Amino acid sequence: MTGTLAIAAKRLDPAKFRDPAVTAKGERRAVVGLAALSTLWINTGTLCNIACSNCYIESSPKNDALSYITAEEVRAYLDEAVAIGAPLEEVGFTGGEPFLNRDLPAMLRDVLGRGLSALVLTNAMKPMMNQATALLALREEFGDALTLRVSVDHHDATLHDLERGEGTFARTIEGLVWLARNGFRVHVAGRAGFDGDEAAMRAGYAALFAAHGIMIDAGDPVALMLFPEMDAEVDVPEITEACWGILRKSPDSLMCASARMVVKRRGADRPAVVACTLLPYDPAFELGATLVEASRPVALNHPHCAKFCVLGGAACSR
Ligand code: SF4
């Protein structure tokens, strides 16, 4: 963690998050059922053109723990979604940097051609620009059904570069401006952990967008998503069944109630389906090889469940 984001925090109690059925205090752990599969995430592979200091999935130019998935493999899941009558509305693509996967344009065409929405999380740098012609053709054909969510960690170039590497801010803004000028539906993902003042962060992004003529409403929590920091070592409360009533939160509001993610592990014969985008590596959250197998409920047995989803309030979809 960088000095900018570091805060003195109590370390996680090792007795927590051990038993999927009960918490350290012996209370029944909260479980989330799949209410309706409306969003399917595809991890395109963990390779990335840059290495960020706080990347939750540890993407880098060297990390291929999750391999490039192929258009054919994705197609099989889209077909399965139809076969089982899943009310799929949107397919999201995350990496790594999705545009490094050469099959991305074909995968997007498959998704959009079925009348679904597509969302791509990107740093908008060179790998995306290398696919500019294919992207323009997709925008021409499918318009606003395609959204690109560009990661801009901070509206200040120095702080962004501290996370992502020197010179990355300038190249990302160049890509963002290109997307905006060419009429793409564009959102931005930032990080909320820099100073904790959300209003000030949003005002800073608003000024950045205005300076570059980018038509994104920085006050819109979907158009500008500010994600809380994810540190699985920091102590967090466990989520019990009683929490739903105490917090007045519905389990159906969590990502794992409406989404799953497909990953392809290095060396694996075929892809696997995990509970959500936040836990691609934890075997306890790998639910099966097919969407049917992966439709079983998920026990909230990870610090991310508590911090990021139930208490942090962030979602990874639209
Ligand atoms: S991290 Fe969030 S979305 Fe993932 S399984 Fe836990 S509660 Fe569900």
Side-chain angles (χ1 to χ4, degrees), residues 12-13 16-24 27-43 46 54-59 65-66 86 88-95 119 121 149 189 191-193 221-222 225-263 265 271-288 291 293-318:
L12 182 68
D13 177 350
K16 291 182 177 176
F17 302 102
R18 297 190 82 83
D19 184 331
V22 291
T23 66
E27 295 169 293
R28 285 167 63 93
R29 188 178 301 285
V31 166
V32 172
L34 182 64
L37 182 66
S38 57
T39 302
L40 183 64
W41 284 92
I42 307 294
N43 185 290
T46 37
N54 255 318
C55 179
Y56 84 100
I57 200 167
E58 296 160 10
S59 291
L66 300 181
L88 203 58
E89 294 168 7
E90 177 187 36
V91 179
F93 295 87
T94 184
L119 171 65
L121 313 193
R149 188 195 289 160
R191 305 181 83 119
V222 174
M225 279 197 172
L226 295 177
F227 287 95
E229 296 308 314
M230 295 172 64
D231 184 347
E233 301 301 313
V234 174
D235 197 49
V236 281
E238 293 189 274
I239 307 301
T240 66
E241 283 181 345
C243 286
W244 302 125
I246 295 163
L247 298 169
R248 297 195 183 171
K249 193 164 183 129
S250 164
D252 287 354
S253 66
L254 269 58
M255 191 198 327
C256 49
S258 59
R260 290 290 183 261
M261 179 166 78
V262 178
V263 302
R265 301 195 193 286
V273 186
V274 299
C276 67
T277 56
L278 307 178
L279 299 164
Y281 299 132
D282 190 329
F285 289 82
E286 182 170 321
L287 303 175
L291 297 179
E293 288 171 12
S295 59
R296 59 196 165 93
V298 179
L300 304 197
N301 192 25
H302 192 282
H304 288 351
C305 303
K307 185 173 184 209
F308 198 75
C309 296
V310 180
L311 306 173
C316 269
S317 195
R318 289 186 171 198

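Start at 1 and go down the list; that is how both ligands and their atoms are numbered. Fair warning: this is a prediction, and the values are worked out from it, not measured in the lab.
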Flag C305 as yes if one of its N/O/S atoms falls below 2.8 Å of atom 6 (Fe) of ligand 1, otherwise no.
-> yes

Using a 4.0 Å heavy-atom threshold (strictly under), name the region of F308 that reaches ligand 1: side chain, backbone, both or neither.
-> neither

N/O donor-acceptor pair under 3.5 Å between R296 side chain and L287 backbone | yes

Contact flag C309/atom 4 (Fe) of ligand 1, N/O/S atoms, threshold under 2.8 Å = no

Using atom types as modelled and distance alone, determine if a side-chain donor or acceptor of N43 lies under 3.5 Å from a backbone N or O of V262.
-> no

Rounded to the nearest 0.5 angstrom, the CG-NZ distance for L311 and K249 is 7.5 Å

among protein heavy atoms, the one nearest atom 4 (Fe) of ligand 1 is C276 SG, 2.3 Å

Relative to each other, are the rings of F285 and H302 parallel, tilted or perpendicular (30° and 60° limits)?
-> perpendicular

Select the closest option to atom 1 (S) of ligand 1 among I239, T277, L278, judged by heavy-atom distance.
-> L278

Lys/Arg-Asp/Glu bridge criterion (N-O < 4.0 Å) met for K16, E238 | no

C256: numbered ligand 1 atoms lying under 4.0 Å from its heavy atoms = 3 (S), 5 (S), 7 (S), 8 (Fe)

Per-atom contacts of ligand 1 with M255, taking only distances under 4.0 Å to non-hydrogen atoms | 3 (S)

Using a 4.0 Å heavy-atom threshold (strictly under), name the region of V310 that reaches ligand 1: side chain, backbone, both or neither.
-> neither

Just jot down the ligand 1 atoms closer than 4.0 angstrom to any heavy atom of L254, in number order.
-> 7 (S)

By number and element, which atoms of ligand 1 are closer than 4.0 Å to a non-hydrogen atom of F285?
-> 5 (S)

Contact check, V298 vs ligand 1, heavy-atom distance below 4.0 Å | yes

Sub-3.5 Å donor-acceptor pair from the side chain of R29 to the main-chain atoms of D19, do we have one?
-> yes

